[in-house]
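Order of the sequence lines fixes the chain letters, A, B, ..., with proteins taken first and strands second; residue numbering starts at 1 for each chain.
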2 protein chains.
Amino acid sequence: MARAVRDRKRRPSSGPLSRARIVAEAVALADRHGFQNLSMRSLAERLGVEAMSLYNHVVDKNDLIDGMVDHVAGEIALPAREAPWKPALRQRALSAHQALVRHPWACPLIGLRLNVGDNMLAHVEAGLARLVEAGFSYEMADHAMNAIDNHVRGFTLQQLNFPIEPKKFAQTAQDYLPKLPPETYPHLRNLAERVASGAYDGLDDVSFGLDLVLDGLERLLRDGGAASRSSPGFSGAR
Amino acid sequence: MARAVRDRKRRPSSGPLSRARIVAEAVALADRHGFQNLSMRSLAERLGVEAMSLYNHVVDKNDLIDGMVDHVAGEIALPAREAPWKPALRQRALSAHQALVRHPWACPLIGLRLNVGDNMLAHVEAGLARLVEAGFSYEMADHAMNAIDNHVRGFTLQQLNFPIEPKKFAQTAQDYLPKLPPETYPHLRNLAERVASGAYDGLDDVSFGLDLVLDGLERLLRDGGAASRSSPGFSGAR
DNA sequence: TTGACCGGCTTACGGCGTAAGTCTACCTGC
DNA sequence: GCAGGTAGACTTACGCCGTAAGCCGGTCAA
């Protein structure tokens, strides 16, 4: 009893528990030890508290995860208001990419559940706003933003599955070569060999695919196809 | 003892255990009861067997999941060899979309681990082949395929988070309106209202964003930008 | 002074993946 | 026809997980 009281007093590092503190520590923990090693118990221990105490501030582990995702969304810079739509959305995408690389565990979580935290909503709102202001219809703007965001997410996800340092990158490709007999997978083999030789590294550059999409959108806007088009989507889900 | 023997004899529905049978049943079970309700135990029971018996044919649960993903990949039609690259890749993407809708749990799993099953490799090889034959450099073909596949995956993921039937779709959007005060999220609110009113349904059509990407690629190819470009990527990961 | 409540804590439950070891039916070579 | 090996099932058990249920001390308003 007395012990419990004393222990409670010497809770490490700062003040009372709160959703924000819990989420922030969870993010840090996932960054350091990987998302699949994040349990309510390990998180609680890290906060100098028992697991069940977390449930005073968080309804669920899912709720916690939602918070973590929104925390990452909060690190994405909002597009500059004054810039033209194209560089604005480009910057928005690159910033998102950086945030996702900083928190590799976040990428696969993003589409998994509907993410309707404040930060995510602000992120979506800002993107939508730039596009609508630029002259896209709401429905086209929605589709356009999806195209951009899907590219960023997909690319980053792929990138994160491979070691980032070029040396290791090539080595990993090397390791997979035996799985790619040239007679069954001629083109894939060919590509893999180029990577293994260190001659290329296709995952070093988000911006290529991004510009492909942005250029397509710009042309669409210029040619006037951006005003009509049948159907838009609700994009709260991201 | 005798009981165990008898039980083993009346294992339901057909022959001996095998990796293929296990994976197939796992896919069916995930389809029916959801991926997060698939455990080694429930799967084993479904197969009339004990959990640990599965490990004679599967090294891990992760290994099982890899098998499931590859099973889904096997349902994607390979692009027609004789068709021109654009309709070929369009069909490939649509077929992938259908497979992912058929097995909603598969979508979030796809990028999570490196997927190097035979079916997935064949899927990637086929796409790469069409693009290279069409005149794209290897590196450009890789980027192009990524752009296409990322769009399909991202779009499908979003789509699966919303109820498919238009009635429910609009209702769900309706439910989220309170979270979107017009003063903070004017554009998003606007969009959501259009969806809630039933006037629009932006998630009914993969092909729009897809054509955006394909058109962009076609233009790139026509303008000659498809031959150079610095760096390709190894795309075994999907 | 008292009593409600907030935010910690403890205990316990059922389920998970899987390591380790056992048993039996079958195949193979003599 | 029999010995020995093997493959593929089974049993048991461990340590982890998320979280339901309830307890208990400290704080603060009435």
Taking atom [atom2] of [N] as reference, at what distance in whole Å does atom [atom1] of [X] sit?
{"X": "Leu47(B)", "N": "dG8(D)", "atom1": "CG", "atom2": "P", "answer": "15 Å"}
{"X": "Met52(B)", "N": "dA7(D)", "atom1": "CE", "atom2": "P", "answer": "17 Å"}
{"X": "Glu50(A)", "N": "dC23(D)", "atom1": "CD", "atom2": "P", "answer": "18 Å"}
{"X": "Leu54(B)", "N": "dG8(D)", "atom1": "CG", "atom2": "C1'", "answer": "12 Å"}
{"X": "Arg19(B)", "N": "dG8(D)", "atom1": "CZ", "atom2": "C1'", "answer": "17 Å"}
{"X": "Phe35(A)", "N": "dC17(D)", "atom1": "CZ", "atom2": "P", "answer": "13 Å"}

Open item on the list: I'd like to know if Asn56(B) reaches the base of dA7(D) with its side chain such that a donor and an acceptor end up less than 3.5 angstrom apart.
Closed with: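 Answer no: no donor N or O sits under 3.5 Å from an acceptor.
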
Open item on the list: Whether the side chain of His151(B) engages the backbone of Val206(B) through a donor-acceptor N/O pair (distance < 3.5 Å, no angle test) should be reported.
Closed with: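 Pair found, side chain donor or acceptor close to backbone of Val206(B).
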
Open item on the list: With a 4.0 Å cut-off on N to O distance, would you call Arg194(B) and Glu139(A) a salt bridge?
Closed with: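 Salt bridge between Arg194(B) and Glu139(A), a charged N being under 4.0 Å from a carboxylate O: yes.
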
Open item on the list: Looking at Arg189(A) and Glu193(A), is there a salt bridge between them, counting it only when a charged N and a carboxylate O are closer than 4.0 Å?
Closed with: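 Yes, charged N to carboxylate O under 4.0 Å.
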
Show me the protein contacts with nucleotides 13-17 of chain C, counting only N or O atoms at under 3.5 Å.
residue : atom : partner  : partner atom : Å
dC16(C) : OP1  : Ser39(B) : OG           : 3.0
dG17(C) : OP1  : Lys61(B) : NZ           : 2.6
dG17(C) : OP2  : Met40(B) : N            : 2.9
dG17(C) : N7   : Arg41(B) : NH2          : 2.7
dG17(C) : O6   : Arg41(B) : NH2          : 2.7

Open item on the list: In terms of relative ring orientation, are Phe162(A) and Tyr176(A) parallel, tilted or perpendicular, with 30° and 60° separating the classes?
Closed with: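 Tilted.
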
Task: salt bridge (charged side-chain N to carboxylate O under 4.0 Å, His left out) contacts touching residues 169-183 of chain B (sequence neighbours left out) - done: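 Qualifying pairs: none.
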
Open item on the list: Suppose the criterion is salt bridge (charged side-chain N to carboxylate O under 4.0 Å, His left out): which pairs have a residue in residues 59-77 of chain B, not counting sequence neighbours?
Closed with: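 Listed by first then second residue: Arg19(B)-Asp63(B), Asp66(B)-Arg113(B), Glu75(B)-Arg102(B).
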
TODO: Please check the phosphate of dG8(D) (OP1 and OP2 only) for any side-chain N or O of Ser53(B) closer than 4.0 Å.
DONE: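 No, outside the criterion.
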
Open item on the list: Taking the minimum atom-to-atom distance to the side chain of His57(B), which one of dA9(D), dT11(D), dT11(C) wins?
Closed with: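 Closest nucleotide to the His57(B) side chain: dA9(D).
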
